[in-house]
Number of protein chains: 2
Amino acid sequence: MEKKDIVGIKDVAKRANVGLATVDRVIHGRSGVSKKTREKVLKVIEELNYKPNMMASNLSKKKTFVLGVLLPNVSKESSYWGLPVKGVERAGKELQHYPVRIEKFLYDQASVKEMRKQILKVINSKIDGLVLTSKFAEETEILLQDCNEKNLPYIFIDSNERDEKAVCTIQQSLYESGQLAGQLFNYCFQEGNILVLFFKNIMDSEAGINKKIQGLNDFLKENDSLVKTRKYVISNFSQEQVDKELNKIFAGNENIKGVFIPNSRVGYMARYLHNNAMDRKVYLIGYDYLTENNEYLQKGAIDFLISQRPEEQGYKAIIKLFEHIVLKKNIEPEIFIPLDIITSKNYKYYLNYED
Amino acid sequence: MEKKDIVGIKDVAKRANVGLATVDRVIHGRSGVSKKTREKVLKVIEELNYKPNMMASNLSKKKTFVLGVLLPNVSKESSYWGLPVKGVERAGKELQHYPVRIEKFLYDQASVKEMRKQILKVINSKIDGLVLTSKFAEETEILLQDCNEKNLPYIFIDSNERDEKAVCTIQQSLYESGQLAGQLFNYCFQEGNILVLFFKNIMDSEAGINKKIQGLNDFLKENDSLVKTRKYVISNFSQEQVDKELNKIFAGNENIKGVFIPNSRVGYMARYLHNNAMDRKVYLIGYDYLTENNEYLQKGAIDFLISQRPEEQGYKAIIKLFEHIVLKKNIEPEIFIPLDIITSKNYKYYLNYED
DNA sequence: CTGAAAGCGCTTACAG
DNA sequence: CTGAAAGCGCTTACAG
């Protein structure tokens, strides 16, 4: 009964008085059709409101699409990047019935050399689309130029700026996440100091971090808070070294009521707070529910984590790339990831939550 | 190249020395196959690790599955139920390339009569699966019994208890959401009283609400808080009547520092707080980012909303029912929705966020 | 520039 | 109880 309602390529062909192959050529914008025929077919498609059936299309298609993934690996300092990769894998599993395959190019965040090697591998591979993160600006330029020349679609995750040529940018509002941190601190205390601690890796860009800090400062200003912030950068990643620096900082600053870690390396601070008895409650806010952070969230050393949903970012990037390439769907150019607030009382539902 | 790796029904048929139709019968457990043949085919399927191709299956299938949805409608008191229905529609749109159709049976929460009418309609319809909410326990019994007799799969959303026979139960931990509210209050103030206000409709069950309140009380107790709670039930839904009752309550209770609304009807309280100047900050926590709640969240009358992700619950219910019926996937029996904490600084990313 | 035909993997009458 | 054949809507060589 509903059969008659659904118009297929056959109906279009009949009405336009052409063969199936010609309709197919027009639909996919392939060459080898006279202008006149193309227009006729296009008109009929319009009239009949023809919509291609992707199930049939994929079934008959021989090609299996390859989606490339260029991302950092899990590192000793942070398990963060394991999560987007997990999301990528989950998406891959979900798409197993489709003609797609995922090819991963992972690199150690600490090694620029290895990263360059992976970039070259991507350039020389025959992928149909790419997922990457924009964290390492300079080195990516050449890759992006290559993508644009080859007309290769790509999607950013964990991005902090828009790229007009990307299919889509998956990001979180950094400024507003800073504002949110400010609001949460403001519920906890109304005077004193907030220590802002940036654990900086070689490849970390400071621009994004500063947007978060700006958000925090602006919130305090807008709300006439008496609380002041003070920023420090720490680039030595051994806990002993961190402890030493923190001892100095805390010795000099009598009234630290809160600590804001603008990335996911909250663990260093949490360990410090947990191991060094303070004479007052120090509120700690940072990012992401990584394994190492969860422990201290439960122990009460971390009060709030703002989640960047890393797993979901990886998952979504693949799904969107797939929809763009295989299903030819329209993709919204910017996807903003919600700013989840995680505490010891709700973290468990974010851990293995998969949409 | 990969073609050879993928085993299809044809490979199974050849190896088992039977026809395609027979393999098909075995795969779907249909009758008309001798025990011996069935076993032989099953063995080959095992050996070859055959996995059916759902794209092909759906393409050749004539039947279009009908997914029934029995849910409350938006009402004057609350726009809550508009959101699950929106989620249902979003899922429907996403599944438009599949042989599924959604049939909605919506009822007014205020009218038991109308609800019964819709239940009867469901019973007499020829649907292939059902999404419903368990809010109205007694009246549903007969419907569920009918489903079980007909072997009709169903999924609950917004549920507060497990049903062994349901394909899946989508829910939020009520107890822990109460705990979370307690934790948030505890960051804001450490002494005084919390007013717990239950705006109760005819069809609302009090059991779920009490679990939330229990969670709140337990949190305070476990943390040796000096804060006490006091519960009131309000069943008259006009703002004037509510205001009158609140005037009485606030006149009698000198030290109310916080108000907890254990459902999404936070608007009444927010309007009261917004229109009646208080001599101190009164922290307000409730549920869900409905249009009417957002306004007061932004105005600062509501501090925290715990989201039950109503849109996502509707969406997910349809997707899971679809996966169960059409793709024959295994569905996890319990899906716990995360306890999102929403403030004026992050609400906007939850508004139109669709996974 | 164009179309008839075979095929993607599965399902569904139909005939035995 | 069993199997050959047609068909789901689209794509892809191939021949003209």
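Just so we're clear, the structure is a prediction, and the values are computed from it rather than from any experiment. Lettering follows sequence order; numbering is per chain, from 1.
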Between [atom2] on [N] and [atom1] on [X], what's the gap in Å once rounded to a whole number?
X: A:Leu59; N: D:dG7; atom1: CG; atom2: P; value: 17 Å
X: A:Asn58; N: D:dC10; atom1: CG; atom2: P; value: 12 Å
X: A:Lys51; N: D:dC8; atom1: NZ; atom2: C1'; value: 20 Å
X: B:Asp11; N: C:dC10; atom1: CG; atom2: C1'; value: 13 Å

Mind checking salt bridge (charged side-chain N to carboxylate O under 4.0 Å, His left out) for B:Lys150 and listing every partner two or more places apart, or none if nothing turns up?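 For B:Lys150 the salt bridge (charged side-chain N to carboxylate O under 4.0 Å, His left out) partners, ignoring immediate neighbours, are B:Asp146.
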Can a side chain N or O of B:Lys10 be found less than 4.0 Å away from OP1 or OP2 on C:dC8?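 True: B:Lys10 side-chain N/O within range (under 4.0 Å) of C:dC8 OP1/OP2.
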Mind checking side-chain hydrogen bond (donor to acceptor under 3.5 Å, both in side chains) for [X] and listing every partner two or more places apart, or none if nothing turns up?
X: A:Gln172; value: none
X: B:Asp163; value: B:Tyr154
X: A:Lys35; value: none
X: A:Glu103; value: A:Arg101

Less than 3.5 Å between a donor and an acceptor, one on the side chain of A:Ser60 and one on the base of D:dC10, is that the case here?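 Check passes, donor-acceptor contact within cut-off.
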Dot-bracket assigned to DNA chain D with the 3.5 Å Watson-Crick/G-U criterion, [ ] for crossing and | for other-strand pairs, is |||.||||||||.|||
Listing time: all N or O pairs from protein to nucleotides 2-6 of chain C that are below 3.5 Å?
{"from": "C:dT2", "atom 1": "OP1", "to": "A:Ser34", "atom 2": "OG", "distance (Å)": "3.2"}
{"from": "C:dT2", "atom 1": "OP1", "to": "A:Thr37", "atom 2": "OG1", "distance (Å)": "2.4"}
{"from": "C:dT2", "atom 1": "OP2", "to": "A:Ser34", "atom 2": "N", "distance (Å)": "2.8"}
{"from": "C:dT2", "atom 1": "OP2", "to": "A:Thr37", "atom 2": "OG1", "distance (Å)": "3.2"}
{"from": "C:dG3", "atom 1": "OP2", "to": "A:Gly19", "atom 2": "N", "distance (Å)": "2.9"}
{"from": "C:dG3", "atom 1": "OP2", "to": "A:Thr22", "atom 2": "OG1", "distance (Å)": "2.7"}
{"from": "C:dG3", "atom 1": "N7", "to": "A:Arg25", "atom 2": "NH1", "distance (Å)": "3.4"}
{"from": "C:dG3", "atom 1": "O6", "to": "A:Arg25", "atom 2": "NH2", "distance (Å)": "2.3"}

List the atom pairs, with distances to 0.1 Å, where a side-chain N or O of residues 43-50 of chain A and a protein N or O form a donor-acceptor pair under 3.5 Å, not counting sequence neighbours.
{"from": "A:Glu47", "atom 1": "OE1", "to": "A:Arg15", "atom 2": "NH1", "distance (Å)": "3.0"}
{"from": "A:Asn49", "atom 1": "OD1", "to": "A:Lys51", "atom 2": "NZ", "distance (Å)": "3.2"}

Side-chain atoms of residues 122-132 of chain B: list all donor-acceptor pairs with protein atoms under 3.5 Å, sequence neighbours left out, distances to 0.1 Å.
{"from": "B:Asn124", "atom 1": "ND2", "to": "B:Leu120", "atom 2": "O", "distance (Å)": "3.2"}
{"from": "B:Ser125", "atom 1": "OG", "to": "B:Val122", "atom 2": "O", "distance (Å)": "2.7"}
{"from": "B:Asp128", "atom 1": "OD1", "to": "B:Lys63", "atom 2": "NZ", "distance (Å)": "3.1"}
{"from": "B:Asp128", "atom 1": "OD2", "to": "B:Lys63", "atom 2": "NZ", "distance (Å)": "3.4"}
{"from": "B:Asp128", "atom 1": "OD2", "to": "B:Val66", "atom 2": "N", "distance (Å)": "2.7"}

Does atom CG (A:Leu42) have a neighbourhood of more than 12 heavy atoms from anything else shown, all under 6.0 Å?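 Result for CG/A:Leu42: enclosed.
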Looking only at the side chain of A:Lys61 (C-beta and beyond, no hydrogens), which of the listed nucleotides D:dT12, D:dG9, C:dC10 gets closest?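 The answer is D:dT12, which lies nearest to the side chain.
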